[in-house]
Amino acid sequence: MEEGNLEGIRASLEGLGSSLPEVFCRMAIMRLEAIGYTEWDEGGLWNLAFSIRKAEQEVLDYCHIDAVPKGLYPMLCDRSCGHFLYGLKQSGRLEIEGIDLSGILTSLSEGDVKVDFDKGASDEARLDTLLGAMMQSGKEQLPCYRRLRS
């Protein structure tokens, strides 16, 4: 991770009206790099900032709060990264070969714990599963932070 990437994302976020700190930007870049995305350019950094701001605004609107609590940073990070990767996939600019899809769950049951990894699924199907899970990450946490509208 390059420091210039952090500065670029942080500056873009400020321009979009976000008050998320640099530590969150670092978390988002590290999360994407852990998945296998490392193709950073100026457009990609702006798109990541846009995705972060989009996910941040969704959380703020749902919870009726003015700032994202630190307890929601991991959830917001996954949602932001999911939106970012989904946007790249939809525009045809995401190289699936670089993304680690080896451990993607296809189903998870809690009663008597059943976990399925569909090794026969295509990479695109597994990527869709990953992106769906990331973009919906933490929906069970959000009601804990929700407030009444004033």
Side-chain angles (χ1 to χ4, degrees), residues 1-108 110 115 121-150:
M1 173 186 0
E2 296 178 23
E3 291 301 315
N5 291 348
L6 284 175
E7 293 169 15
I9 292 173
R10 185 68 210 118
S12 294
L13 277 175
E14 284 179 12
L16 292 169
S18 175
S19 61
L20 288 169
E22 184 177 306
V23 69
F24 183 85
C25 299
R26 183 180 305 276
M27 182 187 300
I29 289 174
M30 290 176 71
R31 177 71 169 125
L32 287 166
E33 288 179 351
I35 293 170
Y37 183 83
T38 58
E39 303 296 321
W40 297 112
D41 60 12
E42 190 173 323
L45 294 173
W46 188 89
N47 282 326
L48 177 57
F50 179 82
S51 298
I52 291 170
R53 182 62 178 138
K54 178 180 177 180
E56 176 188 20
Q57 195 62 51
E58 288 172 357
V59 169
L60 295 176
D61 291 346
Y62 179 83
C63 293
H64 311 295
I65 54 179
D66 296 326
V68 176
K70 288 181 182 176
L72 289 179
Y73 280 7
M75 179 273 307
L76 183 62
C77 182
D78 262 4
R79 283 184 173 220
S80 301
C81 293
H83 283 297
F84 173 72
L85 292 171
Y86 182 78
L88 289 176
K89 180 182 181 281
Q90 291 303 99
S91 65
R93 297 184 332 222
L94 181 62
E95 296 293 328
I96 295 177
E97 294 80 29
I99 307 296
D100 181 14
L101 300 170
S102 61
I104 305 301
L105 293 174
T106 57
S107 71
L108 173 68
E110 291 183 36
V115 177
S122 69
D123 283 349
E124 186 162 353
R126 289 193 287 177
L127 178 63
D128 289 342
T129 301
L130 172 65
L131 297 180
M134 289 178 79
M135 290 189 295
Q136 294 299 313
S137 174
K139 65 182 174 182
E140 64 281 348
Q141 289 176 289
L142 289 177
C144 298
Y145 291 89
R146 197 163 193 199
R147 296 187 178 176
L148 293 175
R149 278 193 174 149
S150 52

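Remember, it's a predicted structure, so these values are computed and weren't measured experimentally.
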Contacts of Tyr37 that satisfy side-chain contact (heavy atoms from CB on, under 4.5 Å) - sequence neighbours left out: Leu32, Glu39, Trp40, Phe84, Leu85, Leu88, Leu94, Ile99
Can you confirm whether more than 12 heavy atoms, excluding those of Lys89, are under 6.0 Å from its NZ atom? yes
Distance-minimising heavy-atom pair for Arg79 and Ala55: CB-CB, 4.1 Å
If you measure from CD on Gln141 to CG on Leu72, what distance do you get to the nearest 0.5 Å? 6.0 Å
Does Asp66, at its CG atom, have more than 12 non-hydrogen atoms belonging to other residues, nucleotides or ligands within less than 6.0 Å? no
Under 6.0 Å from the CD atom of Glu42, do we count more than 12 heavy atoms belonging to anything else shown? no
Smallest separation among heavy atoms of Ser80 and Ser51, with atom names: O-CB, 3.5 Å
Quick one: pull up CD in Glu56 and OG in Ser19 and give me the separation to the nearest 0.5 Å. 5.5 Å
Taking atom types as modelled, find out whether Arg149 and His64 have a side-chain donor-acceptor pair closer than 3.5 angstrom. yes
Which value, rounded to the nearest 0.5 Å, describes the distance between Met27 atom CE and Asp78 atom CG? 10.0 Å
From CD1 (Ile52) to CG (Leu16), nearest 0.5 Å: 10.0 Å
Lys70 and Val23: CA distance, side-chain angles, deciding distance, side chain to side chain contact (heavy atoms under 4.5 Å, CB included) verdict: CA-CA 10 Å; Lys70 288 181 182 176; Val23 69; over 6 Å; no
Ring pair (Phe, Tyr, Trp, His ring centres under 6.0 Å) filter on Phe24, not counting sequence neighbours, yields Tyr73
Applying ring pair (Phe, Tyr, Trp, His ring centres under 6.0 Å), name anything that partners Tyr62, two or more places apart in sequence or on another chain. none
When you measure from the side chain of Arg10 to the backbone of Leu20, do you find a donor-acceptor pair of N or O atoms at a distance under 3.5 Å? yes
Taking the side chain as C-beta and beyond, is there a heavy-atom pair between Asn47 and Arg93 under 4.5 Å? yes
Of the non-hydrogen atoms in Cys77 and Ala28, which two are nearest, and what is the gap between them? SG-CA, 3.6 Å
What pair of heavy atoms forms the shortest contact from Leu6 to Cys25, and how long is it? CD2-C, 3.7 Å
Minimum heavy-atom distance Cys81-Met134, with the two atoms named: CB-CE, 3.5 Å
Roughly how far, to the nearest 0.5 Å, is CZ of Arg53 from NE2 of His83? 13.0 Å
How far does CD of Glu58 sit from SG of Cys63, to the nearest 0.5 angstrom? 11.5 Å
Could you check if a side-chain atom of Glu2 sits within less than 4.5 angstrom of a side-chain atom of Glu7, using non-hydrogen atoms only? no
